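The block underneath contains the structure these notes are about, expressed in structure tokens.
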2 protein chains.
Amino acid sequence: MGTAVGGERSGPRYVQIADEIVQQIRAGVLKPGDMVPSESELVERYGVSGGTIRKAMVEVRASGLVETRHGKGSIVKDRPPVRLRSSDRFRRSLRQGGKAAYLAESAQSGAEAKVSVLYIGPMDAPEDAASRLGVPVGTKVLARRRLYFRNGTPTETATSYLPWDVVKDIPELFAENPGGGGIYARLEDHGHEFAEFVETLQARPASKVEATELALSSGAPVVHLIREARTTAGVVVEVCDTLMAADQFIFEYRIPAAD
Amino acid sequence: MGTAVGGERSGPRYVQIADEIVQQIRAGVLKPGDMVPSESELVERYGVSGGTIRKAMVEVRASGLVETRHGKGSIVKDRPPVRLRSSDRFRRSLRQGGKAAYLAESAQSGAEAKVSVLYIGPMDAPEDAASRLGVPVGTKVLARRRLYFRNGTPTETATSYLPWDVVKDIPELFAENPGGGGIYARLEDHGHEFAEFVETLQARPASKVEATELALSSGAPVVHLIREARTTAGVVVEVCDTLMAADQFIFEYRIPAAD
DNA sequence: TAGTGGTCTAGACCACTTG
DNA sequence: AAGTGGTCTAGACCACTAC
């Protein structure tokens, strides 16, 4: 019932239902923290079968506005107050001001950031990092692996790789907190002057494991960002491999028109 | 029957099946251009119901290795020979060499590129473009909307917005082909000297309409890139709004360590 | 017309979460 | 134990693509 007359809406029923739920969230009828009605309730409300509601909820999840947990239900996520990754974030002046890159940004967008260190220590260089660092695969490097939270939800995993030669005389790099200005400031303290940072980005659907790690619904897009930090001596002193929940970030780059 | 013995594989059946199909593609058992067996055939082969195969194929599509068309079947896509969007692409020297940005890149990666012009003409400035250009919403601007193909498949839609004041004396900008070096070269010919380009990127799942436009399976990730071209006079003379199939591109940006 | 994918149903059973 | 989402089935019907 309820379909035959009226609007003659187009498209599959499950899309209509999904849109309707998404609209309710965007319009504020369902606020962050609220539970979406259970699937059985939606079955009654819309007078369709369970499978149809199921498909609708898949669409709703894909919108990124909702997080579903087995046995519990779907909860409206906190509005993703997206973080701006400006290319200004590597300015020397910010480091000298004592702020690390991610804190500088979080401060800007008024969000509560947290970092959890997963591992700091020696590691055999994986293939991609090795080639970027210009060392043979399997060479001992320092790895710093961490997980970033934003308002309580994991948004980003990052692993830095640094050549052992470079780090062996800089004890701060083995500490969880490398001190004001972050690891780049420590590297500068020890005579490594940065020339440029090169970032490559690629967006793709999250794999199952990545999805769980970042608390995403599987298939949600992630951004894979790899940064090389190059010194004026022409050496890559860090490779940083990070994976981000795509809906949490907007990236901004300024390209000088030089040449 | 068929399942009970053997590997005791883990996870839902539809994921196992999806993985198996994806493996066959990666291993080359199914080559680009090949048709994936029809769903009814897979139902027989795996001895499961249609719904299960259906879900498996959703996963396979999400991998981006396959394109499905209603009434026809699923075909293994050409391996995405990803295109590198280097931030070098706006170098003045390239324009003076007579190449437009996208051609310069395509040449690099040895792929056959094509552009189809969808619309060139006046348009009331949409909200986002207007604010970036610093004009009121609805002001008349020149819009240049086009669709880029790569090896026959659509990969990118792009719409440029230019203030009418700027373009009214540059007839080449109303032509499909604005001549060697592209529109940026023409703008420079007329005294607009570029200072910098600012690009913002965001990745998200494609909406239904975007998916059809770019021949993607709905929900596949897209990258939304917006570029502002700023002159030394401090004016934004172009806003370019583009939407790309995420699996077709890798982005690279060089960030000078200045300051 | 025959074969394909796309939608929808009605119901069974399982797995997780909460009281 | 009751309620939730997750998987799977068996089958109907529709819409698109070929021939």
Side-chain angles (χ1 to χ4, degrees), chain A residues 1-4 8-21 30 34-62 66-77 208 211-212 215-220, chain B residues 1-4 8-21 30 34-62 65-77 208-209 211-212 215-220:
Chain A
M1 261 269 100
T3 15
E8 189 64 19
R9 299 165 200 81
S10 61
R13 192 81 180 95
Y14 75 91
V15 174
Q16 298 172 20
I17 294 172
D19 286 349
E20 214 167 305
I21 295 172
L30 291 169
D34 288 356
M35 296 297 290
V36 175
S38 78
E39 297 192 354
S40 41
E41 200 177 324
L42 292 171
V43 164
E44 281 189 29
R45 180 177 308 182
Y46 288 100
V48 296
S49 84
T52 302
I53 290 297
R54 200 111 249 294
K55 270 185 110 177
M57 288 307 296
V58 169
E59 296 288 305
V60 174
R61 275 190 281 277
V66 131
E67 188 184 332
T68 301
R69 264 183 308 191
H70 192 169
K72 228 185 148 196
S74 294
I75 190 171
V76 179
K77 282 209 275 197
K208 291 265 184 225
T212 53
L216 298 171
S217 34
S218 119
Chain B
M1 41 113 47
T3 14
E8 189 66 19
R9 300 165 199 81
S10 61
R13 194 80 180 96
Y14 75 91
V15 174
Q16 299 172 20
I17 294 172
D19 286 349
E20 215 167 305
I21 295 171
L30 290 169
D34 287 356
M35 296 298 289
V36 176
S38 77
E39 297 191 354
S40 42
E41 200 177 323
L42 292 170
V43 163
E44 280 189 28
R45 179 179 308 180
Y46 288 101
V48 297
S49 84
T52 302
I53 290 296
R54 199 111 249 293
K55 270 185 111 175
M57 287 308 295
V58 169
E59 296 287 305
V60 174
R61 274 190 281 279
L65 294 171
V66 131
E67 187 184 333
T68 301
R69 264 183 310 189
H70 192 170
K72 229 184 147 194
S74 294
I75 190 170
V76 179
K77 283 209 275 196
K208 290 268 185 224
V209 290
T212 54
L216 298 171
S217 34
S218 119

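Worth saying up front: this structure is predicted, and the values here are computed from it rather than measured. Hydrogens, waters and symmetry mates are skipped; everything else that's a heavy atom, side chains included, is used. All chains are named by letter (A, B, ...) in the order of the sequence lines, taking the proteins before the strands, and each is independently numbered beginning at 1.
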For atom [atom1] of [X] and atom [atom2] of [N], their distance in whole Å:
X     : N      : atom1 : atom2 : value
A:R69 : C:dC16 : CZ    : P     : 14 Å
B:E41 : C:dA2  : CD    : C1'   : 15 Å
A:E59 : C:dT7  : CD    : C1'   : 13 Å
A:E44 : C:dA10 : CD    : P     : 14 Å
B:E39 : D:dC14 : CD    : P     : 19 Å
A:E67 : C:dT17 : CD    : P     : 13 Å
B:M35 : C:dG3  : CE    : C1'   : 11 Å
B:I75 : C:dG3  : CD1   : P     : 21 Å

Taking OP1 and OP2 of D:dT9, is either one under 4.0 Å from a side-chain nitrogen or oxygen of B:T52?
yes
Nucleotide of [options] approaching [X] most closely (side-chain heavy atoms):
X     : options               : result
A:H70 : D:dA15, C:dC16, C:dT7 : C:dC16
A:S49 : D:dT9, D:dT4, C:dA10  : C:dA10
A:Y14 : D:dC8, C:dT7, D:dG5   : C:dT7
A:S38 : D:dT4, C:dT9, C:dG5   : D:dT4

With the threshold set at 4.0 Å, does a side-chain nitrogen-carboxylate oxygen contact exist between B:R45 and B:E41?
yes
DNA chain C: A:V48 or A:K72, which has the more 5' nearest nucleotide?
A:V48
Side chain B:Q16, main chain B:G11, donor-acceptor under 3.5 Å
yes
Of B:K55 and B:G50, whose nearest nucleotide on DNA chain D comes first from the 5' end?
B:K55
Heavy-atom side-chain proximity of B:L65 to B:V60 below 4.5 angstrom:
no
4.5 Å side-chain heavy-atom contact, B:V66 and B:I75:
no
Can you tell me which residue among B:E67, B:M35, B:M57 is in a side chain to side chain contact (heavy atoms under 4.5 Å, CB included) with B:S74?
B:M57
